[in-house]
Amino acid sequence: MKTLKESKVGDTVRVVKLHGEGAVKRRIMDMGLTKGVDVRIRKVAPLGDPIEVTVRGYELSIRKADAEMIEVD
């Protein structure tokens, strides 16, 4: 499986699984990134960090380290 970090700009992907433990996983879920939600990759910063996505109708910037924990299909 690929991660959110490996997705390309313009892709729309669906969250399959969240990796990580405790507070980190809870923070990602609190941002609206839960299993089954569609995520569209809007932009990637010049150095690759952060990644801007659209999820549940709003824009969200997420760090590469957090994007690696989100498995997508």
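Keep in mind that the numbers below use all heavy atoms, side chains included, and drop hydrogens, waters and symmetry copies. These numbers were taken from a predicted model, which means no experiment stands behind them.
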Residue list, salt bridge (Lys or Arg N to Asp or Glu O under 4.0 Å) with [X], at least two apart or on another chain:
X	answer
Arg40	none
Arg56	none
Asp38	Arg14

Heavy atoms of other groups near [X] [atom1], more than 12 under 6.0 Å:
X	atom1	value
Arg26	CZ	no
Asp30	CG	yes
Lys2	NZ	yes

What pair of heavy atoms forms the shortest contact from Glu6 to Met1, and how long is it?
OE1-O, 4.4 Å
State, with a plain yes or no, whether a side-chain heavy atom of [X] is found less than 4.5 Å away from one of [Y].
X	Y	value
Val39	Val72	no
Ile70	Ile28	yes
Ile62	Leu33	yes

Residues Asp66, Arg63: salt bridge by 4.0 Å N-O rule
yes
Worked check of side-chain contact (heavy atoms from CB on, under 4.5 Å) between Thr3 and His19
CA-CA 10 Å; Thr3 64; His19 299 280; over 6 Å; no
Distance-only, no hydrogens or angles: does the Asp49 side chain make a donor-acceptor pair with backbone N or O of Lys64 under 3.5 Å?
yes
Are Val16 and Val37 grouped together when hydrophobic residues (ILVMFWY) are joined by side-chain heavy atoms under 4.5 angstrom apart?
no
Cluster check Ile51, Val24: I/L/V/M/F/W/Y, side chain < 4.5 angstrom
yes
Interatomic distance, Met69 atom CE to Lys5 atom NZ [nearest 0.5 angstrom]:
11.5 Å
If you measure from CD1 on Ile41 to CD on Glu52, what distance do you get to the nearest 0.5 Å?
10.5 Å
